[in-house]
Undergrad: 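Let me begin by handing over the structure; questions about it come next.
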Amino acid sequence: MEWIAVIGGKTRQFIQAVGDFACFASTAFGWIIRGPGSRAMRELLRQMFDMGTMSIPVVMITGAFIGAVLAIEAYPQFAAIGIASRLGSVIVVSVVKQTGPILTAVMLAGRVGGAMTAELGTMKVTEQIDALRAMACDPVRTLVVPRLLACIIMTPVLTVYSDALGIWGGWLIAVGVDGVRNYSFWHYAAAGTDMFTVNVGLIKSLIFGIVIASIACYKGFTCGNGARGVGRACTESFVASFILILLTNFIMAVMLNNFYNWFWPNQPSLL
Amino acid sequence: MGAATADNPTTTKPETTNPIIRFENVHKRFGPLVVLDGMTLDIPQDRTTVILGPSGVGKSVLLKHIVGLLRPDSGKIFYRGKQVDNLSEREMEPIRKRIGFLFQLGALFDSMRVGDNVAFPIRQQGGKNPAEIQEIVHEKLAVVGMDGTEKKWPADLSGGQKKRVALARAIAMNPDVVLYDEPTTGLDPIRSDVINELILKLKEELNVTGVVVTHDMTSAFKVADQVVMLFNGKIVSRGTAEEIRNCADPNVQRFIQGRASEEDLRALHRM
Ligand SMILES: Nc1ncnc2c1ncn2[C@@H]1O[C@H](COP(=O)(O)OP(=O)(O)OP(=O)(O)O)[C@@H](O)[C@H]1O
Ligand SMILES: [Mg+2]
């Protein structure tokens with residue numbers, strides 16, 4: 001019967017951690033609403049540069065390759081039933097709605113979330129966070145708020161870059177290699193994409209931004225002692241945000257599609 | 001020069017002055033490890049209290065309780081007669097702004113230059129223009145023999161230099177109380193003596209209440225008005241420097257003379 005106690009204990013720990021996390025995140029949002037203060041705003045610009053501007057190349061490269069691969073895999077299927085000219089619509093919709101936001105979020109979870117957890121975790125272990133508190137400075141306000149805001153602003157921006165390059169990569173293969181006519185590619189791309197598709201992608205990336213930064217900061221703040229503690233916090237931070245990104249993506253896909261069918265019961269025709 | 005010094009010469013018993021900080025039956029444990037076990041302690045105003053005790057006994061933990069970085073499991077802590085252990089982080093802020101804390105390992109912010117580190121508590125306090133802040137920073141760094149390092153990064157300093165910058169930061173906003181966690185550890189004997197003089201001067205000229213944790217007996221007896229010894233989670237002995245020096249308790253004598261116990265020696269011989 002001991003295993004019941006073990007499961008019970010683990011479950012309790014998990015629920016407690018979720019509660020702590022919710023508390024942490026709501027404190028951070030509380031500060032955003034009440035006004036983060038001038039020190040946090042100065043830090044925000046630095047963070048936006050570090051996590052946003054510096055991520056543009058890697059996000060563009062991943063985007064382009066995924067767009068290209070989509071075209072390579074989809075072309076034979078489409079060609080087999082003679083509708084290769086429609087490649088544009090499937091590439092653009094997949095990139096804008098799914099691969100763009102998700103890949104950007106995953107790249108950021110690794111590149112930015114990891115660094116954030118490591119930085120805050122190191123501050124925690126070397127008592128710098130205690131030092132902030134001892135000087136009457138709220139660490140959530142000074143450290144978490146700028147990172148959270150930067151991530152919320154920059155993730156959608158980076159997603160746009162990733163989307164653009166993804167479409168370009170797909171176009172390059174479809175039109176340049178597979179011989180789809182340039183006109184049909186863009187014609188069907190435009191026909192298959194509406195504002196809803198674009199907005200879904202951007203709303204998703206915004207939520208992913210919140211997920212990445214809040215988990216990374218929480219893991220940094222609750223990190224265990226020593227270099228091992230920091231290392232473990234980084235791993236856990238990446239795994240947790242990765243799973244949560246996929247989970248929220250799934251839930252939003254279901255919700256938003258229902259929402260769409262509810263408001264626009266007549267699907268746009270591609271014919 | 002201060003009036004209080006004239007009225008209450010340092011030879012009077014510490015109990016006769018009113019306590020600015022009071023611990024009442026404080027218990028603190030980390031998991032199974034009991035650190036403070038019903039500790040009661042008065043820290044008199046405008047005096048320097050030295051806390052002695054073996055490594056790992058909980059001296060740093062004790063200091064962190066004063067500014068609320070750690071909260072007691074039970075028992076009460078008073079600051080100027082007001083109970084503070086149950087205050088929220090927000091409510092602690094005015095108290096924290098009047099207490100300087102020198103962390104054992106410095107806890108300098110490594111994302112800021114030395115000058116900004118020292119300026120941090122002054123900016124946090126507000127009400128000073130940049131020129132005044134620069135002036136104060138220069139003055140405080142000069143006091144600890146670190147002038148001219150404003151533009152350096154903490155990572156580029158030696159251990160002793162970091163400690164001195166951290167001390168400059170702890171006294172930057174002219175606090176009422178300064179908590180020194182091993183102020184002379186890692187410093188050469190001459191520099192240590194300068195720090196001792198600084199602690200004395202702050203007390204005599206600015207009526208700063210000092211709480212000094214140290215393993216350096218020369219420093220302890222030089223700066224102390226009251227010496228207390230922490231052992232097994234309790235204050236086992238307290239008195240003026242003279243009284244502690246003449247204390248009959250063999251544990252205290254062994255500690256201040258730095259002699260290993262029979263038990264430790266036996267373990268060594270078994271090796
Ligand atoms: N945040 C914490 N979590 C768990 N245990 C802790 C924590 N802080 C301190 N401890 C434990 O409490 C005990 C006392 O630690 P503390 O740092 O106060 O010792 P100390 O008296 O300052 O020793 P030293 O003279 O070596 O600095 C140690 O055994 C330490 O492992
Ligand atoms: Mg200590």
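These values consider heavy atoms only, across backbone and side chains, with no hydrogens, waters or symmetry-generated copies. In what follows, chains are A, B, ... by sequence order, proteins preceding strands, each numbered from 1.
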Undergrad: Check Gln125(B), Arg123(B), Lys140(B) against Met173(B) for a side chain to side chain contact (heavy atoms under 4.5 Å, CB included) and give me the one that passes.
TA: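 One option only clears the test, and that one is Gln125(B).
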Undergrad: Before accepting this row, confirm whether a basic side-chain N of the pair Glu89(B)/Arg71(B) lies closer than 4.0 Å to the acidic partner's carboxylate O.
TA: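 Counted as a salt bridge, because a side-chain N and a carboxylate O are separated by less than 4.0 Å.
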Undergrad: Answer yes or no: does atom CZ of Arg34(A) have more than 12 heavy-atom neighbours from other residues, nucleotides or ligands under 6.0 Å?
TA: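 More than 12 within 6.0 Å, yes.
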Undergrad: Before accepting this row, confirm whether a basic side-chain N of the pair Glu43(A)/Arg46(A) lies closer than 4.0 Å to the acidic partner's carboxylate O.
TA: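 So Glu43(A) pairs with Arg46(A) through a salt bridge.
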Undergrad: Whether the Gln104(B) and Ser60(B) side chains hold a donor-acceptor pair (N or O, under 3.5 Å, no angle test) is what I'd like checked.
TA: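 Yes, because at least one side-chain N or O of Gln104(B) sits under 3.5 Å from a partner of the opposite role on Ser60(B).
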Undergrad: Contact part of Gln124(B) toward chain A, heavy-atom cut-off under 4.5 Å: side chain, backbone, both or neither?
TA: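 Interface part for Gln124(B): both.
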Undergrad: Determine, stepwise, if the pair Asp42(B) / Arg22(B) fulfils salt bridge (charged side-chain N to carboxylate O under 4.0 Å, His left out).
TA: CA-CA 5 Å; Asp42(B) 279 349; Arg22(B) 184 175 161 74; 2.6 Å; yes
Undergrad: Do any of residues 127-135 of chain A come closer than 4.5 Å to chain B, heavy atom to heavy atom, and if so which ones, in number order?
TA: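 The residues closer than 4.5 Å to chain B, in numerical order, are Glu127(A), Gln128(A), Asp130(A), Ala131(A), Leu132(A), Arg133(A), Ala134(A), Met135(A).
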Undergrad: Mark yes or no: Lys28(B) above the aromatic ring of Phe30(B), with NZ or CZ under 6.0 Å from the six-membered ring centre and no more than 45 degrees from the axis.
TA: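 Yes, cation above the ring, under 6.0 Å and within 45°.
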Undergrad: Just to be sure I understand the criterion: a residue of residues 127-138 of chain B counts if one of its heavy atoms is under 4.5 Å from a heavy atom of chain A. Which ones qualify?
TA: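 Interface residues of residues 127-138 of chain B: none, nothing closer than 4.5 Å to chain A.
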Undergrad: Distance alone, cut at 3.5 Å: any donor-acceptor contact between the side chains of Lys204(A) and Gln98(A)?
TA: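 Yes, a side-chain donor-acceptor pair sits under 3.5 Å.
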Undergrad: Pick one of side chain, backbone, both or neither for Leu108(B), based on which atoms fall under 4.5 Å of a heavy atom in chain A.
TA: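 The backbone, not the side chain.
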Undergrad: Does some side-chain heavy atom of His27(B) sit less than 4.5 Å from a side-chain heavy atom of Pro72(B)?
TA: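 Heavy-atom side-chain distance check fails, nothing below 4.5 Å.
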Undergrad: Can you confirm whether Val239(A) sits close enough to Phe242(A) that some side-chain heavy atom of one is under 4.5 Å from a side-chain heavy atom of the other?
TA: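 They are not in side-chain contact.
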Undergrad: Using side chain to side chain contact (heavy atoms under 4.5 Å, CB included) as the criterion, point out the one residue from Val178(B), Val223(B), Val144(B) that pairs with Leu198(B).
TA: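 By the side chain to side chain contact (heavy atoms under 4.5 Å, CB included) criterion, Leu198(B) pairs with just one of Val178(B), Val223(B), Val144(B): Val144(B).
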Undergrad: Taking Asp110(B), Ile99(B), Val67(B), Leu105(B) one by one, which has the highest count of heavy-atom pairs under 4.5 Å against chain A?
TA: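 Option with the greatest count: Asp110(B).
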